[in-house]
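Note that the coordinates shown come from a computational prediction; the quantities given were computed from them, not determined experimentally. Letters A, B, ... mirror the listed sequences (proteins, then strands); counts begin at 1.
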2 protein chains.
Amino acid sequence: MATGRTHRPATRSRGIPEATVARLPLYLRALTALSERSVPTVSSEELAAAAGVNSAKLRKDFSYLGSYGTRGVGYDVEYLVYQISRELGLTQDWPVVIVGIGNLGAALANYGGFASRGFRVAALIDADPAMAGKPVAGLPVRHTDELEEIISENGVSIGVIATPAGAAQQVCDRLVAAGITSILNFAPTVLSVPDGVDVRKVDLSIELQILAFHEQRKAGEETAAVRRTGTAGRPAAAAREGRKGPDGDVPAVMPA
Amino acid sequence: MATGRTHRPATRSRGIPEATVARLPLYLRALTALSERSVPTVSSEELAAAAGVNSAKLRKDFSYLGSYGTRGVGYDVEYLVYQISRELGLTQDWPVVIVGIGNLGAALANYGGFASRGFRVAALIDADPAMAGKPVAGLPVRHTDELEEIISENGVSIGVIATPAGAAQQVCDRLVAAGITSILNFAPTVLSVPDGVDVRKVDLSIELQILAFHEQRKAGEETAAVRRTGTAGRPAAAAREGRKGPDGDVPAVMPA
DNA sequence: GTCTGTGAATACATTCACAGCC
DNA sequence: GGCTGTGAATGTATTCACAGAC
């Protein structure tokens with residue numbers, strides 16, 4: 001990351017913290033809901049509750065964007081919607097391609113949340129020739145051979161990878177070579193990309209594993225018992241029938 | 001205090017940092033791949049590269065679990081796989097339910113990554129009576145009416161919500177009432193849950209919006225950067241000329 | 001010599017708490 | 001009175017750099 005120089009102090013300071021950027025879409029969603037209900041203004045407290053954060057954090061976040069509120073009153077909903085949209089780059093439309101039209105890719109293609117923000121699915125691409133031409137979410141699936149052409153013709157800079165893990169790096173390389181500079185990766189694999197290309201990943205199984213970690217801890221607190229039994233056991237908890245785990249009878253966890 | 005153990009606290013220290021927990025699945029995946037290639041040991045440098053992090057971070061992360069490496073040698077792959085699996089709670093199997101069998105729910109049901117870790121889809125649940133009984137991913141869809149019974153009978157503690165936003169809170173409440181204590185939420189809404197219940201959310205459109213933010217920033221920098229790198233880098237950006245935003249005053253994405 | 005494990009240093013993020021404006 | 005905006009304080013995460021085990 002190229003740190004320029006000292007601060008550009010004015011209302012448009014060039015460094016919004018990553019953590020803040022990651023929350024802006026959350027605020028935007030909450031604001032959009034308020035806007036649809038024609039709520040004219042909102043306090044940091046109310047908006048924070050709607051977005052699921054605390055109000056100090058929200059105010060700090062907004063302070064990076066500028067002073068868009070009014071003391072004693074709150075924030076103008078419409079104005080904030082616009083400012084955040086602009087900051088996120090959603091006032092323009094972003095064509096995206098989805099590569100890998102399996103179950104997940106198809107689900108993504110059908111996902112309404114893309115279009116409702118500035119995103120437009122420019123094409124669906126799959127390596128299976130049998131898929132080519134088949135309509136998914138109203139778009140004909142195109143073959144991988146056409147990938148470069150599609151990207152170039154549509155000026156696509158954001159790509160979504162929903163292929164199996166084995167194909168992801170190869171697809172990624174082609175996307176990058178074709179000019180893509182932002183990638184959302186659903187394949188459970190680490191992608192390597194040149195500098196200047198952003199990758200964000202969504203890994204469904206990782207999220208579950210994190211939940212399992214905390215779940216296990218909860219279970220352990222209830223029955224502070226055998227935790228480290230080298231051979232067999234896991235924390236015990238009531239369940240019904242033993243489901244077979246890797247080594248025999250593994251209890252499921254039920255809060256009683 | 002509970003922290004009575006003086007030395008060797010790391011073996012099961014009461015607080016593995018969240019950031020570390022979130023990376024353990026990454027390490028585990030990389031290690032599993034090495035294990036399948038029968039690689040016996042791995043250095044922090046190699047493993048870090050495979051997991052897409054830097055080696056100092058990895059070593060620090062592992063130090064929270066204990067001293068599982070050998071100086072001058074590296075880490076035993078099989079042993080680490082076991083230790084991390086145990087730490088994450090993956091040595092037991094976790095029955096999960098998926099609620100909301102639309103495109104996304106079906107994709108999740110078919111997703112192989114769950115079963116390959118300790119997760120087992122115990123049931124698919126949908127509110128649509130027309131769906132009831134229809135097989136998805138080899139399981140018959142069950143109706144929401146049976147939700148409590150399913151959770152109780154299978155000792156499920158982890159639920160996945162893949163319903164439309166409007167139904168999510170209601171489903172969440174029922175899941176929690178039925179005993180679920182961990183929720184993975186795909187619906188684009190903030191869920192409120194009582195203490196003791198963990199929620200993780202995956203929001204597809206939020207990830208894209210974060211990418212758009214950075215993409216927009218790149219485009220802004222391009223004006224200055226383009227001459228520095230000559231013409232080598234960005235075919236798609238050049239092709240983007242044809243695209244125009246819906247409104248007239250779209251800020252210059254391209255040096256005009 | 002190699003590579004881990006970890007205090008110390010730094011960077012980043014959140015929360016506090018209150019001055020300043022409505 | 002109510003609410004924002006923000007320095008200061010605190011908490012968390014990452015990185016450095018090297019002592020110590022092999």
Assuming nearest nucleotide by heavy-atom distance, tell me which of A:Arg59 and B:Ser44 is located more 5' along DNA chain C. B:Ser44

When the distance from CG of A:Leu65 to P of D:dG5 is rounded to whole Å, what number comes out? 10 Å

Can you check whether B:Glu87's main-chain N or O pairs, donor with acceptor, with A:Gln216's side chain at less than 3.5 Å? yes

Nearest-angstrom distance from the residue atom CD1 of A:Ile16 to P of C:dT14: 14 Å

Picking from C:dC22, C:dT6, D:dT6, which would you name as closest to the side chain of B:Ser63? C:dT6

Could you point out which residue of A:Leu175, A:Val193, A:Asp198, A:Val160 forms a side-chain contact (heavy atoms from CB on, under 4.5 Å) with A:Ser182? A:Asp198

Can a donor-acceptor pair be found between the side chains of B:Thr32 and B:Glu36 at a distance below 3.5 Å? no

Counting side-chain heavy atoms from C-beta on, which of C:dT14, C:dC22, C:dG5 comes nearest to A:Lys57? C:dT14

What's the CG-P distance between B:Asp76 and C:dC3, to the nearest Å? 16 Å

Quick note, A:Ser67 side chain, CB onward, closest among D:dC22, D:dT6, D:dA13 is D:dT6

Looking at the side chain of B:Ser43, which of C:dC22, C:dT4, D:dA13 is the nearest nucleotide? C:dT4

Test item: side-chain donor near acceptor, A:Ser44 and A:Arg59, under 3.5 Å: yes

Evaluate the side-chain proximity of A:Leu184 to A:Val202: yes if any heavy-atom separation is below 4.5 Å, no if none is. yes

Give, ordered by number, those residues of residues 28-35 of chain A having at least one heavy-atom distance below 4.0 Å to an atom of DNA chain C; if nothing qualifies, reply none. none

Counting only side-chain N and O atoms of A:Tyr68, is one of them less than 4.0 Å from OP1 or OP2 of D:dC3? no

Check every strand shown and say whether A:Phe62 touches a base, only sugar-phosphate, or nothing at a heavy-atom separation below 4.0 Å. nothing

Closest to the B:Asn54 side chain: D:dA19, D:dT15, D:dG5? D:dT15

CD of B:Glu18 versus P of D:dA13: gap in Å, rounded? 8 Å

A:Tyr64 vs C:dT14: side-chain N/O to OP1/OP2 distance below 4.0 Å: no

Can a donor-acceptor pair be found, under 3.5 Å and without considering hydrogens, that links the side chain of A:Trp94 to the backbone of A:Arg117? no

Note: for A:Val73 and A:Lys60 on DNA chain D, the residue whose nearest nucleotide lies more 5' is A:Val73

Please report whether the ring centroid of A:Phe62 lies less than 6.0 Å from that of A:Tyr68. no

B:Tyr75 atom OH is separated from C:dT2 atom P, nearest whole Å, by 17 Å

What is the distance from CD of B:Glu45 to P of D:dA17, rounded to the nearest Å? 15 Å

Quick note, B:Arg71 side chain, CB onward, closest among D:dA21, C:dA13, D:dA13 is D:dA21

